**Student:** 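Quick one: this structure, given as structure tokens, is what I'll be asking you about.
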Amino acid sequence: MVIDKIENYRLYSKLTKRLAKGFEFITETDLVAIESGKHQIDNDDVFAIVQEYDTKEEKDCILEGHHKYIDIQYVIQGVELMGFTPLTNQVSVEENLEKDYTFYNGETSMIRVEEGMFTIFFPEDLHRPCVKAGQISKVKKVVVKVKI
């Protein structure tokens, strides 16, 4: 799991060509003006999902993991907490391999992610996004899905 400011993206874009394409989308797109929804970058290998939502109570947010994709989650506007825990022996409660998600029960450590910051979640990293940081916040975020 990685958390950093977008100014440091070059440290991570060199890991794979697909991660580089994801960061290129984030840094070269007018994300404030972009519409919510799915945006193709490199077919199913790299694509972006732009979301706008109000943050919620931790109990209302789902702990999730992915098998085929790495998530780059970049906060365009707002602030949220993201829960994190390594995948160990958590109990899965729902799985959809076709849509590449598994939901789990389990505890997480909370990380504050503000405007201009990103996280990278690998398949070994479970995460609980969308949690309010003190008070409810409107968040605009892009999740770039990078196929492994």
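For reference, positions follow the sequence shown, starting with 1. Predicted, not measured: the structure shown is a model, and the values here were computed from it.
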**Student:** What about Phe25 and Tyr74, are their ring centers closer than 6.0 Å?
**Tutor:**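 That pair fails the under 6.0 Å test.
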**Student:** Other residues, nucleotides and ligands only: do more than 12 of their heavy atoms fall within 6.0 Å of CD on Glu98?
**Tutor:**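 12 or below, so no.
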**Student:** Let me confirm one number: the NZ-CD distance from Lys138 to Gln77, rounded to the nearest 0.5 Å.
**Tutor:** 11.0 Å
**Student:** Same cluster for Ile62 and Leu97 if Ile/Leu/Val/Met/Phe/Trp/Tyr side chains link at under 4.5 Å?
**Tutor:** no
**Student:** Please examine the side chains of Glu24 and Ile41, heavy atoms only from C-beta on, and report whether any two atoms are closer than 4.5 Å.
**Tutor:** no
**Student:** Establish whether Tyr53 and Val143 are linked, either directly or via other cluster members, by ILVMFWY side-chain heavy-atom contacts under 4.5 Å.
**Tutor:** no
**Student:** Given Thr119 and Asp71, is the side chain to side chain contact (heavy atoms under 4.5 Å, CB included) satisfied, shown in steps?
**Tutor:** CA-CA 8 Å; Thr119 56; Asp71 274 7; over 6 Å; no
**Student:** Are the charged groups of Asp100 and Lys68 less than 4.0 angstrom apart, N to O?
**Tutor:** no
**Student:** Name the one of Arg18, Lys17, Lys21, Lys145 that satisfies salt bridge (Lys or Arg N to Asp or Glu O under 4.0 Å) with Asp45?
**Tutor:**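 The option that passes is Arg18.
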**Student:** Kindly indicate whether the side chain of Val113, heavy atoms from C-beta on, has any atom under 4.5 Å from the side chain of Ile3.
**Tutor:**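 Val113 reaches Ile3 side chain to side chain.
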**Student:** State, yes or no, whether a side-chain contact exists between His127 and Phe84 at a heavy-atom distance under 4.5 Å.
**Tutor:**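 No; the side chains remain at least 4.5 Å from each other.
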**Student:** Is any side-chain heavy atom of Phe121 closer than 4.5 Å to a side-chain heavy atom of His66?
**Tutor:** no
**Student:** Could you tell me whether Glu94 atom CD has more than 12 heavy atoms of other residues or ligands within 6.0 Å of it?
**Tutor:**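 Yes.
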**Student:** Counting distance only, does the side-chain N/O of Lys140 pair as donor-acceptor with the main-chain N or O of Val32 below 3.5 Å?
**Tutor:** yes
**Student:** For the residue pair Tyr12 and Phe118, categorise the inter-ring angle as parallel (less than 30°), tilted (30 to 60°) or perpendicular (more than 60°).
**Tutor:**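 Ring orientation, 0 to 90° scale: perpendicular.
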**Student:** Using the side chain to side chain contact (heavy atoms under 4.5 Å, CB included) rule, take Tyr9 and Ile120 through it: C-alpha gap first, then chi angles, then the decisive distance, then the call.
**Tutor:** CA-CA 11 Å; Tyr9 79 93; Ile120 302 175; over 6 Å; no
**Student:** Under a 3.5 Å cutoff, is there a donor and acceptor pairing between the side chains of Glu80 and Thr55?
**Tutor:**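 No, Thr55 and Glu80 have no side-chain donor paired with an acceptor closer than 3.5 Å.
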**Student:** Can Ile34 be reached from Ile26 by stepping across I, L, V, M, F, W or Y side chains whose heavy atoms are under 4.5 Å apart?
**Tutor:** yes
**Student:** Heavy atoms, side chains only, cut-off 4.5 Å: are Pro129 and Glu64 in contact?
**Tutor:**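 In short, these two side chains touch, coming nearer than 4.5 Å.
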**Student:** May I ask whether Ile72 and Ile148 are part of the same hydrophobic cluster, defined by side-chain heavy atoms of I, L, V, M, F, W, Y residues being less than 4.5 angstrom apart, directly or through others?
**Tutor:**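 The answer is yes; both residues are in one hydrophobic cluster.
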**Student:** Nearest 0.5 Å, please: how far is CG in Asp54 from CD in Gln135?
**Tutor:**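 Those atoms lie 11.5 Å apart.
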**Student:** Would a distance-only check, ignoring hydrogens and angles, find a side-chain to backbone donor-acceptor pair under 3.5 Å from Gln90 to Thr88?
**Tutor:** yes
**Student:** Show, in sequence, the C-alpha distance, side-chain angles and deciding distance for Val144 and Phe23, and conclude whether the side chain to side chain contact (heavy atoms under 4.5 Å, CB included) test is met.
**Tutor:** CA-CA 8 Å; Val144 177; Phe23 280 113; over 6 Å; no
